[in-house]
Amino acid sequence: MATYRVDLRSDTVTTPSDAMRRAMAEAEVGDDWYGDDPTVNRLQERAAEITGKEAALFVPTGTMANQIGLRLHFTGGGHLVVAEAGAHVATTEVMSSAVLSGIAYKAIETEGGRHMTAEQVARAVAPDTVYDVEVVDLVCVENTRGSAGGRVFPIEEIRAIRKVAEEADVPVHLDGARIFNASVASGVPVSEYAAEVDTLMFCVSKGLGAPIGSLVCGTAEAIREARRIKILFGGAWRQAGIVAAAGIVALEEGPRRLHEDHERAGRLARGVAEVFPDAIDPATVETNIVLVDTEAVGLDPIGVRRRMMDDGVGCTIEAGKVRMVTHLGIDDEDVETALAAWRNVAGAAR
Ligand SMILES: Cc1ncc(COP(=O)(O)O)c(C=O)c1O
């Protein structure tokens, strides 16, 4: 197992805070299959409150949350979902979507990190006038947009997409794995994003800092059905209050400190730009993800990642770029350590 002095691979690598561990140890629990885990129920009520949706459902992973959210919108197989080509549902989850719900994606290509537009969605949902085969059943938006380096999907564009989808009678699902990052960066409340979609999911296991868990949110009727699908997908997880307790703390504490992650990501981006100006535009770093296009400066991202590892800095590769993600386990000194590693990469490249 590789260990890192500074682990920037993802905001999922955090370990629970003391407050979370205490809450977990003291959690009142019950069997969630029967809906009688009081701590799970409390987390679900809080999630519904924050998002402004009628109800919410606590599930183990973001992938399961998305898969339940997608499945809610149709029965049987053979469905077409519109999403950005780089969206998590259309990339990492493409096989889950195909196997669990018979979904294929109408993937929208976007240039230079830009978001999908309402105009593109309008074209995608327009009826197939020849055979009526390519009928779109759902539009999925992601916020923040992971493959674009955590950029915020502007609320105005989501509203325009919602309008286009509504006119075509197509529902909208939001992959809001990092919607709290979007909200903190934009100043738009999570409930405003949620108001523009039929269903959404968000993760407490990412920047908010909980060890495990995501929530699917929607109408009471949709969430009743979501409970059935969760059991169908093998997600009835009994005394889940043990982890829900940490989720409640994460919802309370997490949003208050996300701006620190964003500031540190900005500092990282500016520092990398000092040594590799053509590899990153710091202005594109809006939240906690930094993508460095090392190929633009003639460096193979795999080699760069290896060199960073030699200096004890963990990063990953996303869409051919070196990816670093800030989180509650990263402090100012860690940012300096990572930047020293980047200077070593630059030194070795000369
Ligand atoms: C945008 C997005 N959606 C969904 C997921 C899936 O979450 P999980 O890893 O908990 O299944 C991720 C995970 O990285 C993600 O980045």
Side-chain angles (χ1 to χ4, degrees), residues 7-14 16 43 47 57-71 81 83-97 99-101 103 105 107-108 110 113 115-116 138-153 158 172-183 185 190 193-194 197 199-217 229-230 233-235 237 240 243-244 246-247 250 254 258 261 265 286-291 314-319 321 323-327:
D7 195 348
L8 293 164
R9 288 174 301 164
S10 177
D11 48 9
T12 56
V13 300
T14 57
L43 173 59
L57 184 73
F58 186 45
V59 301
T61 67
T63 299
M64 186 182 280
N66 266 336
Q67 291 304 316
I68 292 172
L70 297 170
R71 174 65 169 262
V81 174
E84 278 185 15
H88 200 272
V89 289
T91 55
T92 316
E93 295 181 47
V94 71
M95 292 306 286
S96 310
S97 305
V99 171
L100 295 173
S101 301
I103 291 171
Y105 286 93
I108 307 289
T110 58
H115 54 77
M116 161 173 96
L138 181 71
V139 173
C140 185
V141 291
E142 184 176 302
N143 204 5
T144 62
R145 301 168 49 241
S147 68
R151 295 188 77 170
V152 177
F153 213 126
I158 295 180
V172 181
H173 171 75
L174 167 65
D175 176 346
R178 296 185 178 83
I179 192 67
F180 285 86
N181 294 86
S183 170
V190 168
Y193 290 113
V197 298
T199 51
L200 77 145
M201 76 77 149
F202 69 85
C203 302
V204 286
S205 59
K206 297 198 163 70
L208 298 182
I212 297 170
S214 295
L215 289 116
V216 191
C217 312
I229 300 171
K230 169 175 126 172
F233 286 177
W237 51 341
V243 281
L258 286 178
D261 296 348
E286 298 173 0
T287 59
N288 67 332
I289 303 179
V290 180
L291 291 185
C315 33
T316 56
I317 295 174
E318 164 97 32
K321 296 177 183 153
R323 184 184 86 150
M324 299 180 287
V325 187
T326 54
H327 50 77

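Counting starts at 1 for both ligands and their atoms, in listed order. Counting begins at 1 with the first residue of the sequence.
Annotation for ligand 1: atoms under 4.0 Å from non-hydrogen atoms of Thr61 are 10 (O), 11 (O). Atoms of ligand 1 lying under 4.0 Å from any heavy atom of Thr63, numbered from 1 in the order shown and given with element: 6 (C), 7 (O), 8 (P), 11 (O). In the vicinity of Glu142, heavy-atom distances shorter than 4.0 Å reach the ligand 1 atoms 1 (C).
Inspection of the Arg323 and Thr316 side chains reveals an N or O donor paired with an N or O acceptor under 3.5 Å.
Contact annotation: for Asp175 versus ligand 1, heavy atoms closer than 4.0 Å belong to the side chain alone. At a heavy-atom cutoff of 4.0 Å, ligand 1 is contacted by the side chain of Asn66 but not by its backbone.
Proximity annotation for atom 12 (C) of ligand 1: of Met201, Glu93, His88, Arg178, His88 comes nearest, heavy atoms only.
Relative ring orientation between Phe58 and Trp237 is described as tilted, the plane-to-plane angle lying within the 30° to 60° band.
Within the 4.5 Å cutoff, no side-chain heavy atoms of Cys203 are placed close to those of Arg178. You'll find the side chain of Glu142 stays beyond 4.5 Å of the side chain of Glu84, heavy atoms only.
Between the Asn288 side chain and the Thr326 main chain, a donor and an acceptor come within less than 3.5 Å of each other.
Given atom 8 (P) of ligand 1, the protein heavy atom at minimum distance is Gly62 N, 3.4 Å. The protein heavy atom nearest to atom 14 (O) of ligand 1 is Lys206 CE, 3.3 Å.
The minimum heavy-atom distance between Val89 and Cys140, with the atom names listed, is CG2-SG, 3.9 Å.
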